[in-house]
Amino acid sequence: MVVIGAGQAGLSAAHHLLKRGLDRDRLLVLDGADCPGGAWQHRWPTLTLSTVNGVHDLPGMAFQDVLEPGEDPSAVRAAEAIPRYFAEYERREGFAVRRPVTVRCVTEGFTVETDDGALSARAIVNATGTWERPFIPWYPGTFGGRQLHTRDYRGPDEFAGQRVLVVGGGISAVGHLDEISQVAATTWVTRTPPRFTDEPFTPEVGRAAVARVEERVRAGLPPGSVVSVTGLPWNPRYRAAQARGALDRLPMFAELTSAGARWPDGVTRSFDVILWATGFRSALDHLAPLRLRGPGGGITMTGRLATQVEGRPLLHLIGYGPSASTIGANRAGRAVAAELLAAL
Ligand SMILES: Cc1cc2nc3c(=O)[nH]c(=O)nc-3n(C[C@H](O)[C@H](O)[C@H](O)COP(=O)(O)OP(=O)(O)OC[C@H]3O[C@@H](n4cnc5c(N)ncnc54)[C@H](O)[C@@H]3O)c2cc1C
């Protein structure tokens, strides 16, 4: 059994597989990163545990366990604290994660080809997340200034005094605007008007968002955006950003120009930087030889929590679609272990 990826999803699956009796020496976890932590080790330095959405504990060990006495959990940097937690988790669970090992491709059988040689696997749990696949939409024209994606964002300081265009309607975009607008002139564009909400993010709201994404992947469609269902929850930081005018949003521009962008009404604006907070796609290129995508553009998923690729009981994707959150990854890990061990 090969688990590809040691983020929240891969670790959860490994935990539940062992808990349900899989022999330790039949489990191999491969991870492309140098260190434990999944994508969290790459998050920007200004993202703290008080500015993330909310990170759920891994199954069987509380995050609290890795805090130093007196350490304020909300003030610690996500990119430092969560990798520390994952490292301790791997140690306590006794996982032998092989890293850095990047899976280049998986072919029928299964043969798993890595940058460290090939191996065969009866069953695969793919848990490769999205961080390796930043998405930037195409627009006509060429911008002469600097462009970067959320993946490359390191905090606001480098933008001091500049004119920054932030593109995208998700939580990352709003977080960037909040930080950058305190040191620079920002402009915000989104495809559709952002939907801020005072509604608390209740379990029901979460379940509705997950159900919508689950319905899509069961129908073979690409997973789509969770924010379109949940909206952007107001908090004091966003209120302050709004009061500064940082959340005044413009519709999308029609084209890029060498100095900035042009809108459909002909108005042009100049910028030094364009920051694309336009999200990520699932990192599944290494599964291309299996030809999983159907005519709907997505992968048709089945099983209790829609983690199994339809028609392939020994291939599960977690952290994909409805399980692309820390809580979703936890639940999916449990479901995958039960279904895979039954199939084997
Ligand atoms: C900016 C940002 C903020 C977020 N904040 C939250 C939040 O607050 N709460 C929340 O629940 N969710 C949040 N999410 C979603 C979050 O990413 C997931 O919830 C969760 O952390 C993803 O876990 P994962 O295991 O699926 O993927 P990852 O953490 O990305 O782990 C995937 C692992 O697979 C490895 N890998 C990738 N490709 C290969 C390959 N080909 N071969 C071998 N290894 C490979 C990677 O190196 C990585 O270690 C956020 C996402 C982003 C982008």
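Ligands are counted one by one from 1 in listed order, and the atoms in each one are counted from 1 as well. One-based numbering along the sequence shown.
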**Prompt:** Would you say Val101 contacts ligand 1, with heavy atoms under 4.0 Å as the rule?
**Reply:** yes
**Enumerated ligand 1 atoms positioned under 4.0 Å from heavy atoms of Trp44** = 1 (C)
**Request:** Examine the proximity of ligand 1 to Ala283 and report which part, side chain or backbone, both or neither, has a heavy atom under 4.0 Å away.
**Result:** neither
**Message:** Are any of the N/O atoms on Phe280, whether in the backbone or the side chain, positioned under 3.5 angstrom from an N/O atom of ligand 1?
**Reply:** no
**Nearest-neighbour protein heavy atom for atom 40 (C) of ligand 1, which is reported as residue plus atom name and distance** = Val103 N, 3.7 Å
**Asked** Of all heavy-atom pairs between Leu232 and Gly169, which one has the smallest distance, and what is that distance?
**Response** CD1-O, 3.7 Å
**Prompt:** Checking side-chain hydrogen bond (donor to acceptor under 3.5 Å, both in side chains) against Tyr153, which of Glu179, Glu158, Arg43 comes through?
**Reply:** Glu179
**Item:** Side-chain donor or acceptor of Ser323 paired with backbone N/O of Ala329 under 3.5 Å
**Value:** no
**Message:** Students should be able to answer this: which protein heavy-atom is nearest to atom 8 (O) of ligand 1, and at what distance?
**Reply:** Asn53 N, 2.8 Å
**Asked** In terms of side-chain geometry, is the basic nitrogen of Glu132 or Arg151 positioned less than 4.0 Å from the acidic oxygen of its partner?
**Response** yes
**Message:** With a 4.0 Å cut-off on N to O distance, would you call Arg262 and Glu255 a salt bridge?
**Reply:** yes
**Message:** To check your reading of the model: name the closest protein heavy atom to atom 44 (N) of ligand 1, its residue, and the distance in Å.
**Reply:** Gly32 N, 2.9 Å
**Message:** Rounded to the nearest 0.5 Å, what separates atom CD in Glu310 from atom OG1 in Thr300?
**Reply:** 5.5 Å
**Request:** Anything under 30° is parallel, anything over 60° is perpendicular, the rest tilted; go ahead and classify Phe196 against Trp188.
**Result:** perpendicular
**Request:** Pick one of side chain, backbone, both or neither for how Ala329 approaches ligand 1, counting any non-hydrogen atom pair under 4.0 Å.
**Result:** neither
**Prompt:** How would you list, by chain and number, every residue that makes a ring pair (Phe, Tyr, Trp, His ring centres under 6.0 Å) with Phe63, sequence neighbours excluded?
**Reply:** Tyr85
**Prompt:** If you measure every N/O of Asp31 against every N/O of ligand 1, is any gap under 3.5 Å?
**Reply:** yes
**Asked** Measuring to protein heavy atoms, does anything land under 4.0 Å from atom 10 (C) of ligand 1?
**Response** yes
**Request:** Closest by any non-hydrogen atom to atom 17 (O) of ligand 1: pick that one out of Arg133, Gln8, Arg43.
**Result:** Arg43
**Item:** Carboxylate-amine/guanidinium proximity below 4.0 Å for Arg212 and Glu215
**Value:** no
**Message:** Could you report the tightest heavy-atom contact between Ala127 and Gly10, atom names first, then the distance?
**Reply:** CB-N, 3.5 Å
**Request:** Just jot down the ligand 1 atoms closer than 4.0 angstrom to any heavy atom of Ala33, in number order.
**Result:** 47 (O)
**Message:** Quick check for you: to the nearest 0.5 Å, what is the distance between His286 atom NE2 and Asn126 atom CG?
**Reply:** 3.5 Å
**Asked** In the protein, what heavy atom is nearest to atom 31 (O) of ligand 1, and what distance, to one decimal place, separates them?
**Response** Gly7 CA, 3.4 Å
**For atom 29 (O) of ligand 1, closest protein heavy-atom neighbour** = Ala39 N, 2.9 Å
**Prompt:** Hey, does Tyr320 sit under 4.0 Å from ligand 1 if you only count heavy atoms?
**Reply:** no
**Fill in**
ligand 1 to Gly38, heavy atom cutoff 4.0 Å, flagged ligand atoms 29 (O), 31 (O), 48 (C), 49 (O)
**Request:** Could you list the atoms of ligand 1 found under 4.0 angstrom from a heavy atom of Ser325?
**Result:** 11 (O), 19 (O)
**Prompt:** Has ligand 1 got any nitrogen or oxygen that is less than 3.5 angstrom from a nitrogen or oxygen of Thr130?
**Reply:** no
**Request:** Please answer whether the main-chain N or O of Gly303 pairs with a side-chain N or O of Arg218 as donor and acceptor at a distance below 3.5 Å.
**Result:** yes
**Message:** If you take the nearest heavy atom of each of Gly10, Ala127, Cys35, which one is closest to atom 32 (C) of ligand 1?
**Reply:** Ala127
**Prompt:** Between Ser181 and Leu177, is there a donor-acceptor pair closer than 3.5 Å when you use the side chain of the first and the backbone of the second?
**Reply:** yes
**Prompt:** Gly5 heavy atoms, cut-off 4.0 Å: which ligand 1 atoms fall inside?
**Reply:** 33 (C), 34 (O), 35 (C)
**Request:** Linking directly or through intermediates, with side-chain heavy atoms under 4.5 Å: list the remaining ILVMFWY members grouped with Met252, chain and number order.
**Result:** Ile136, Tyr139, Phe143, Leu165, Val167, Val189, Leu250, Phe253, Leu256, Trp263, Phe271, Ile274, Trp276
**Message:** Salt bridge or not between Arg207 and Glu214? Use side-chain N to carboxylate O under 4.0 Å.
**Reply:** no
**Request:** Return yes or no for this condition: an N or O of Thr326 is under 3.5 Å from an N or O of ligand 1.
**Result:** yes
**Protein heavy-atom partner closest to atom 37 (C) of ligand 1 - residue, atom, separation in Å** = Thr128 O, 3.3 Å
**Request:** State the CG-NE2 distance between Leu11 and His16, to the nearest 0.5 angstrom.
**Result:** 11.0 Å
**Request:** Can you pull out the closest protein heavy atom to atom 6 (C) of ligand 1? Residue, atom name and distance to 0.1 Å, please.
**Result:** Trp40 CH2, 3.5 Å
**Request:** Return yes or no for this condition: an N or O of Ile4 is under 3.5 Å from an N or O of ligand 1.
**Result:** no
**Asked** Counting from 1, what ligand 1 atoms have a heavy atom of Gly319 closer than 4.0 Å?
**Response** 26 (O)
**Ala9, any N or O under 3.5 Å of ligand 1 N or O** = yes
**Request:** Look at atom 27 (O) of ligand 1 and say which protein heavy atom is nearest, naming residue and atom and giving the distance to 0.1 Å.
**Result:** Gly129 CA, 3.4 Å
